[in-house]
**Q** 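What follows is a structure written as structure tokens; I'll ask about it next.
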2 protein chains.
Amino acid sequence: MRQLYHLPISPASRKVRLVLAEKNVDFELIEERDWERRDAFLGLNPAGEVPVFVDEDGEIICGSNAICDYLEETRPDCLALLPATPTDRAEVRRLIDWFDRKFAAEVSDGLIFEKVARRFLSAADGGGAPEMGVVRAALHNLRYHLDYISYLMEERRWLAGDELTLADLTAAAHLSCLDYIGDVPWSQYPLAKDWYVRIKSRPGFRPVLADHVPGMPPPKLYANLDF
Amino acid sequence: MRQLYHLPISPASRKVRLVLAEKNVDFELIEERDWERRDAFLGLNPAGEVPVFVDEDGEIICGSNAICDYLEETRPDCLALLPATPTDRAEVRRLIDWFDRKFAAEVSDGLIFEKVARRFLSAADGGGAPEMGVVRAALHNLRYHLDYISYLMEERRWLAGDELTLADLTAAAHLSCLDYIGDVPWSQYPLAKDWYVRIKSRPGFRPVLADHVPGMPPPKLYANLDF
């Protein structure tokens with residue numbers, strides 16, 4: 001059975017789960033608290049980070065970029081998540097980079113570290129109460145990114161064009177983590193919300209919406225398609 | 001004429017320059033101080049960051065990942081920088097991610113910000129003297145990554161296997177920036193140094209070694225192949 005080592009509130013892990021679902025891949029989900037630096041896990045991925053995918057032949061693929069490209073290349077009969085031309089693919093990759101690097105640095109890394117990771121870490125590793133200055137700055141930056149999604153949605157059906165791509169799943173993976181924390185002011189961004197309603201309605205999103213972090217229940221509307 | 005908007009001490013820009021050279025692409029190099037947020041540049045890349053590549057048909061490709069994949073896909077007659085099988089490509093992408101994300105976060109982002117960017121920024125934007133605590137932590141982390149390169153070199157000719165790939169050019173782009181600042185203790189890591197000598201000897205490296213940042217000359221051995 002294929003396996004995915006993941007964490008529930010990790011955008012990179014969620015992105016891979018969404019891609020695996022779109023590619024109709026059955027897999028076992030294994031929660032890996034990667035900050036514990038378990039030896040057996042470091043044997044799988046020397047970077048010591050989720051996600052790690054183990055294919056049915058035992059092939060180990062580390063990191064969301066490597067896993068998503070690997071699935072795209074090895075499952076050609078499934079829904080394509082990258083477009084046909086190099087130029088269109090470059091637009092998808094620009095947006096993947098936007099969310100995995102820019103959005104992560106300006107919004108999601110900070111919010112997830114302050115509001116989630118600090119609950120699980122020892123005091124020596126940075127555990128404790130969130131730094132509200134970081135949280136406020138990230139929430140401020142989030143609005144700029146919701147504006148950008150809204151701007152794209154004025155002309156496009158999905159983030160990179162007419163079709164659903166890896167760019168949408170990347171952005172949705174980040175935003176669904178923030179949604180779990182209850183931090184996305186969707187009602188003020190109707191175009192972005194409409195995009196998120198559509199992606200949240202896909203069957204592959206259901207397991208992600210069923211996640212529950214112990215001691216940290218999601219807000220009421222988190223799993224609701226009519227939010 | 002194709003154009004590349006870049007900065008000299010930017011690993012992402014250097015990576016693209018190295019790839020363009022390996023792919024035999026002629027291009028004009030345009031220095032873009034992206035922190036000045038020039039309107040015309042934001043028109044090319046709404047993320048406001050180098051590198052941006054403008055192809056001869058006017059196609060605009062933003063970000064090192066998008067540009068490198070675009071060049072790989074559109075120049076099939078040149079030296080391939082990604083291997084033939086999905087599994088081997090996944091290993092290359094794991095290592096690209098290692099350097100562009102892990103090495104960047106633990107080493108190069110901090111060193112370049114503290115020792116280079118702070119010279120050019122206004123005091124309000126963080127200009128001024130480097131924070132030595134950040135510099136020390138980054139230099140400490142660098143040793144762990146040089147160990148990892150050495151470990152890979154015990155079994156492999158290049159980082160991802162027997163052939164030069166995008167993983168080598170990614171790692172070399174980061175390390176050459178640190179080398180410009182004079183921060184790499186090569187002599188203590190002979191296997192890593194041997195790898196870097198080989199990649200530094202490639203013709204595509206020459207223009208990178210000719211870079212001079214005003215007011216910040218590189219150390220004597222920076223451009224020397226016998227360092």
Side-chain angles (χ1 to χ4, degrees), chain A residues 12 42 44-49 51-55 57-76 82-106 109 144-145 147-149 151-152 160 166-167 170, chain B residues 12 42 44-49 51-55 57-76 82-106 109 144-145 147-149 151-152 160 166-167 170:
Chain A
L42 289 171
L44 293 178
N45 183 7
E49 291 169 358
V52 173
F53 178 65
V54 183
D55 209 346
D57 56 3
E59 208 60 69
I60 300 158
I61 317 285
C62 301
S64 72
N65 279 332
I67 299 169
C68 293
D69 280 331
Y70 174 83
L71 292 169
E72 191 68 20
E73 291 167 0
T74 54
R75 318 269 306 175
L82 286 174
T85 73
T87 315
D88 289 347
R89 280 199 289 277
E91 174 64 357
V92 172
R93 289 182 178 125
R94 175 182 79 82
L95 288 164
I96 291 173
D97 205 47
W98 182 290
F99 286 95
D100 276 346
R101 226 168 37 78
K102 190 175 175 65
F103 187 87
E106 296 173 0
D109 281 357
Y144 156 76
H145 288 276
D147 270 336
Y148 189 56
I149 293 175
Y151 162 79
L152 292 174
L166 212 42
T170 306
Chain B
L42 289 170
L44 293 178
N45 183 5
E49 290 168 0
V52 173
F53 178 64
V54 184
D55 208 346
D57 57 2
E59 207 61 69
I60 300 159
I61 316 288
C62 302
S64 72
N65 280 330
I67 299 169
C68 293
D69 280 333
Y70 173 83
L71 291 169
E72 192 68 19
E73 291 168 359
T74 54
R75 318 264 314 173
L82 286 174
T85 73
T87 315
D88 289 347
R89 280 198 290 276
E91 174 64 357
V92 173
R93 289 183 179 125
R94 176 182 79 80
L95 289 164
I96 291 174
D97 205 46
W98 183 290
F99 287 96
D100 275 346
R101 223 167 39 78
K102 190 174 175 66
F103 187 87
E106 296 173 0
D109 281 357
Y144 158 76
H145 289 276
D147 271 336
Y148 189 56
I149 292 175
Y151 163 78
L152 292 174
L166 213 40
T170 305

**Q** Is there side-chain contact between B:Pro86 and A:Arg75, with heavy atoms separated by less than 4.5 Å?
**A** no
**Q** Under a 4.5 Å cutoff for heavy-atom pairs, which residue among B:Glu49, B:Glu73, B:Glu59 has the most contacts with chain A?
**A** B:Glu73
**Q** Taking all non-hydrogen atoms of both residues, which atom of B:Lys102 and which atom of A:Ala47 are closest, and how far apart?
**A** NZ-O, 3.5 Å
**Q** Checking A:Phe53 against chain B: side chain, backbone, both or neither under 4.5 Å from a heavy atom?
**A** neither
**Q** Which answer fits A:Glu91, side chain, backbone, both or neither, if we ask what part of it has an atom under 4.5 Å from a heavy atom of chain B?
**A** neither
**Q** How would you list, by chain and number, every residue that makes a side chain to side chain contact (heavy atoms under 4.5 Å, CB included) with A:Asp97, sequence neighbours excluded?
**A** A:Arg101, B:Asn65
**Q** Please name the pair of heavy atoms, one in A:Pro46 and one in B:Tyr144, separated by the smallest distance, quoted to 0.1 Å.
**A** O-OH, 4.2 Å
**Q** Relative to chain A, which segment of B:Phe103 carries a heavy atom at a distance below 4.5 Å: side chain, backbone, both, or neither?
**A** neither
**Q** Most heavy-atom pairs under 4.5 angstrom with chain A, which of B:Asp69, B:Ile60, B:Ile61?
**A** B:Asp69
**Q** What part of B:Glu72 is in contact with chain A, defined as an atom under 4.5 angstrom from a non-hydrogen atom: side chain, backbone, both or neither?
**A** neither
**Q** Taking side chain to side chain contact (heavy atoms under 4.5 Å, CB included) as the test, write out the residues that go with B:Asp147, two or more places apart.
**A** B:Tyr189
**Q** Taking the side chain as everything from C-beta on, heavy atoms only, tell me whether B:Trp98 gets closer than 4.5 Å to A:Cys62.
**A** no
**Q** Below 4.5 Å from any heavy atom of chain A, which atoms of B:Arg94 appear? Answer side chain, backbone, both or neither.
**A** both
**Q** If you compare all heavy atoms of B:Ala90 against all heavy atoms of A:Ala66, which two are closest, and at what distance to 0.1 Å?
**A** O-CB, 3.7 Å
